[in-house]
Amino acid sequence: MSALTPQSDMPTPTTDKITQAAMETIYLCKFRVSMDGEWLCLRELDDISLTPDHEPNPEDPNYLMANERMNLMNMAKLSIKGLIESALNLGRTLDSDYAPLQQFFVVMEHCLKHGLKAKKTFLGQNKSFWGPLELVEKLVPEAAEITASVKDLPGLRTPVGRGRAWLRLALMQKKLSEYMKALINRKDLMSEFYEPNALMMEEEGAIISGLLVGLNVIDANFCMKGEDLDSQVGVIDFSMYLKEGPIAKSSEEDVQITAILDQKNYVEELNRQLSATVNNLQTKVDALEKSNTKLTEELAVANNRIITMQEEMERMKDDSTLFSKGNKHDRTADGQTLSEVRKHLKEETQLRQDIEKELEVQIGMRQEMEMAMKMLDKDVCEKQDALAALRQQLDDLRALKHELSFKLQVGRSY
């Protein structure tokens with residue numbers, strides 16, 4: 001094992017010696033122990049190249065550019081993934097105030113600025129990614145619309161501001177990935193603006209253009225009139241991509257607050273529907289009361305008519321008794337009149353019974369409506385109590401979130 005871990009004060013063994021020592025000890029132990037800084041590393045021999053690699057020079061410009069490209073690509077991956085996940089959880093159209101979207105544009109701006117050639121002007125050297133973006137309309141005719149829109153915006157005075165506006169319009173158009181791919185495929189045109197080892201000229205640029213396809217699932221809407229895109233400071237906020245500590249707790253608190261807000265909106269909508277139902281039932285009750293009053297009046301009129309008919313029948317009976325001794329013809333006429341009176345009386349009695357039955361039905365319906373109104377009032381009271389409790393929970397969570405944010409700021413200051 002000592003032959004596999006050379007010390008700093010001993011000469012480095014040759015490749016043949018290292019290979020021989022590894023083959024001799026592989027049946028005893030498949031791992032090699034080595035010092036990596038202050039850590040003791042246990043590595044499997046199968047995963048270790050026995051041929052010593054040439055360590056890159058940290059001061060080599062190509063090595064520095066490669067590291068920058070890798071870091072920007074990783075940041076673009078994190079930014080795009082976080083933006084898609086948060087947008088899908090949010091479930092609404094994004095605007096310019098949405099923090100993950102702002103960070104995405106900052107990362108894209110850094111990617112487009114990487115390896116830009118400086119152009120000499122009267123005011124000195126200038127690096128702007130607006131020049132490459134202007135080429136897109138020549139490669140993809142659909143981009144001519146947003147390029148013309150950017151040039152017509154009155155508040156933009158610098159090429160940087162125009163480039164930022166172009167990125168936002170391309171995202172709204174859901175063609176940002178297509179435009180970036182068209183640029184990267186024309187390295188002969190891009191060489192005028194970028195160094196050979198810039199991100200847009202290497203493989204990392206193609207990977208980022210492929211990742212941008214996922215942004216087609218989100219909807220964004222920006223109002224760039226009055227927005228100061230020229231003087232914005234593009235600084236990447238790395239705290240948004242940390243998964244541990246108070247930030248994760250704050251994210252959980254945001255999820256809880258969102259859930260409570262959804263419950264609050266649901267209860268308010270249910271309360272609104274219940275109120276509409278109560279109003280409809282109240283209208284029906286008023287209509288039934290009017291109908292009941294009308295039926296009561298008709299019943300009173302029918303009773304008066306029945307009483308009048310009974311009096312008339314009694315009078316007819318008295319008259320028939322007085323004239324019973326008359327001729328047969330007169331008695332027959334009186335009998336017919338009496339039959340007609342009895343028939344009329346029977347019809348009036350039947351009408352009265354029908355009106356009484358209808359009145360009983362209306363009274364039953366009114367009682368049921370009153371019972372339903374009481375149950376709805378009770379339900380509305382319960383929903384209002386639940387809404388008040390949810391609002392109290394929301395206030396508590398907001399206070400807790402404010403306290404966590406304050407503790408996080410205090411911790412960062414220390």
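- Heavy-atom minimum distance, M180 versus L112: SD-CD2, 4.1 Å.
- Of the possible donor and acceptor atoms, one in the side chain of Q102 sits under 3.5 Å from a partner among the backbone N and O of S96.
- Smallest separation of non-hydrogen atoms from L211 and K77: CD1-CG, 3.3 Å.
- Not a single donor-acceptor pair under 3.5 Å links the side chain of N292 to the backbone N or O of L288.
- Note that the CD atom of E312 and the OG1 atom of T337 stand 10.0 Å from one another [nearest 0.5 Å].
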Apply side chain to side chain contact (heavy atoms under 4.5 Å, CB included) to the pair D286 and E289, showing each step before the final yes or no. CA-CA 5 Å; D286 295 338; E289 287 180 351; 4.1 Å; yes

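- Counted within 6.0 Å of CE on M369, heavy atoms from surrounding residues, nucleotides or ligands total more than 12; the atom is thus considered enclosed.
- For S405 (side chain) and K401 (main-chain N/O), a donor-acceptor pair under 3.5 Å exists by modelled atom type.
- Residues L116 and Y194 form a side-chain contact, since some pair of their non-hydrogen atoms from C-beta on lies under 4.5 Å apart.
- One distance of note links CG of L133 with CG of L167; it measures 6.0 Å at 0.5 Å rounding.
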Check against side-chain hydrogen bond (donor to acceptor under 3.5 Å, both in side chains), Y179 and Q173: CA-CA 11 Å; Y179 297 157; Q173 202 179 26; 2.7 Å; yes

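- Within 6.0 Å of NZ in K138 there are 12 or fewer heavy atoms belonging to other residues, nucleotides or ligands.
- A donor-acceptor pair is defined here as one N or O able to donate and one able to accept, closer than 3.5 Å; no such pair exists between the side chain of K174 and the backbone of L171.
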Step by step, work out the side chain to side chain contact (heavy atoms under 4.5 Å, CB included) result for M309 and E314. CA-CA 9 Å; M309 293 298 295; E314 293 294 336; over 6 Å; no

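- Judged by the 6.0 Å distance and 45° axis criteria, R168 is positioned over the aromatic ring of F105.
- The structure places NZ of K113 at 12.0 Å from CG of L72, a figure rounded to the nearest 0.5 Å.
- When all heavy atoms are compared, the tightest approach of Q282 to M373 is OE1-CE, 3.1 Å.
- Using a 4.5 Å cut-off on side-chain heavy atoms (C-beta onward), E297 and V301 make no contact.
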Worked check of side chain to side chain contact (heavy atoms under 4.5 Å, CB included) between F129 and C111: CA-CA 10 Å; F129 58 93; C111 292; over 6 Å; no

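- Between T293 and T296 the shortest side-chain heavy-atom distance does not fall below 4.5 Å.
- To the nearest 0.5 Å, atoms CE (M172) and OG1 (T93) are separated by 10.0 Å.
- Annotation: the span from K383 atom NZ to Q273 atom CD amounts to 10.5 Å, rounded to 0.5 Å.
- Of the possible donor and acceptor atoms, none in the side chain of H114 sits under 3.5 Å from a partner among the backbone N and O of A198.
- Environment of CD in E203: sparse, with no more than 12 heavy atoms of neighbouring residues, nucleotides or ligands closer than 6.0 Å.
- In this structure, the separation between CG on N71 and NE2 on H110 is 12.5 Å, given to the nearest 0.5 Å.
- In terms of the ring-ring contact (aromatic ring centres under 6.0 Å, His included) criterion, F193 has no residue partners (sequence neighbours excluded).
- No more than 12 heavy-atom neighbours from other residues, nucleotides or ligands sit within 6.0 angstrom of CD on E145.
- Looking only at side-chain heavy atoms (C-beta outward), L274 and L376 come within less than 4.5 Å of each other.
- Closest approach of P132 to L183, counting heavy atoms only: O-CD2, 3.3 Å.
- Comment: R315 does not engage E311 in a salt bridge, judged by the lack of any side-chain N to carboxylate O separation of less than 4.0 angstrom.
- In this structure, D379 contributes its side chain and M375 its backbone to no donor-acceptor pair below 3.5 Å.
- Side-chain atoms of S79 never come within 3.5 Å of backbone atoms of M75 as a donor-acceptor pair (strictly under, hydrogens ignored).
- Side-chain contact between L135 and R186 is absent, with no heavy atoms from C-beta onward closer than 4.5 Å.
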Could you walk me through whether L281 and V278 pass the side chain to side chain contact (heavy atoms under 4.5 Å, CB included) check? CA-CA 5 Å; L281 291 175; V278 169; 5.7 Å; no

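- For the pair F222 and L94, the minimum side-chain heavy-atom distance is 4.5 Å or more.
- Heavy atoms only, all atoms of each residue included: G205 and I184 are closest at O-CD1, 2.9 Å.
- Scanning both residues, E195 and K117, for their nearest heavy atoms gives OE2-CG, 3.6 Å.
- Between E348 and R352 there is no salt bridge, since no side-chain N of the basic residue sits under 4.0 Å from a carboxylate O of the acidic one.
- Side-chain contact check for S149 versus L169: some heavy-atom pair is nearer than 4.5 Å.
- Between the side chain of R69 and the backbone N or O of L199, no donor-acceptor pair lies under 3.5 Å.
- Look at E370 and R366 and you find a salt bridge, because one of the NZ, NE, NH1 or NH2 atoms lies within 4.0 Å of a carboxylate O, short of that distance.
- For the pair W130 and L156, the minimum side-chain heavy-atom distance is 4.5 Å or more.
- A donor-acceptor contact shorter than 3.5 Å links the side chain of S177 to the backbone of S209.
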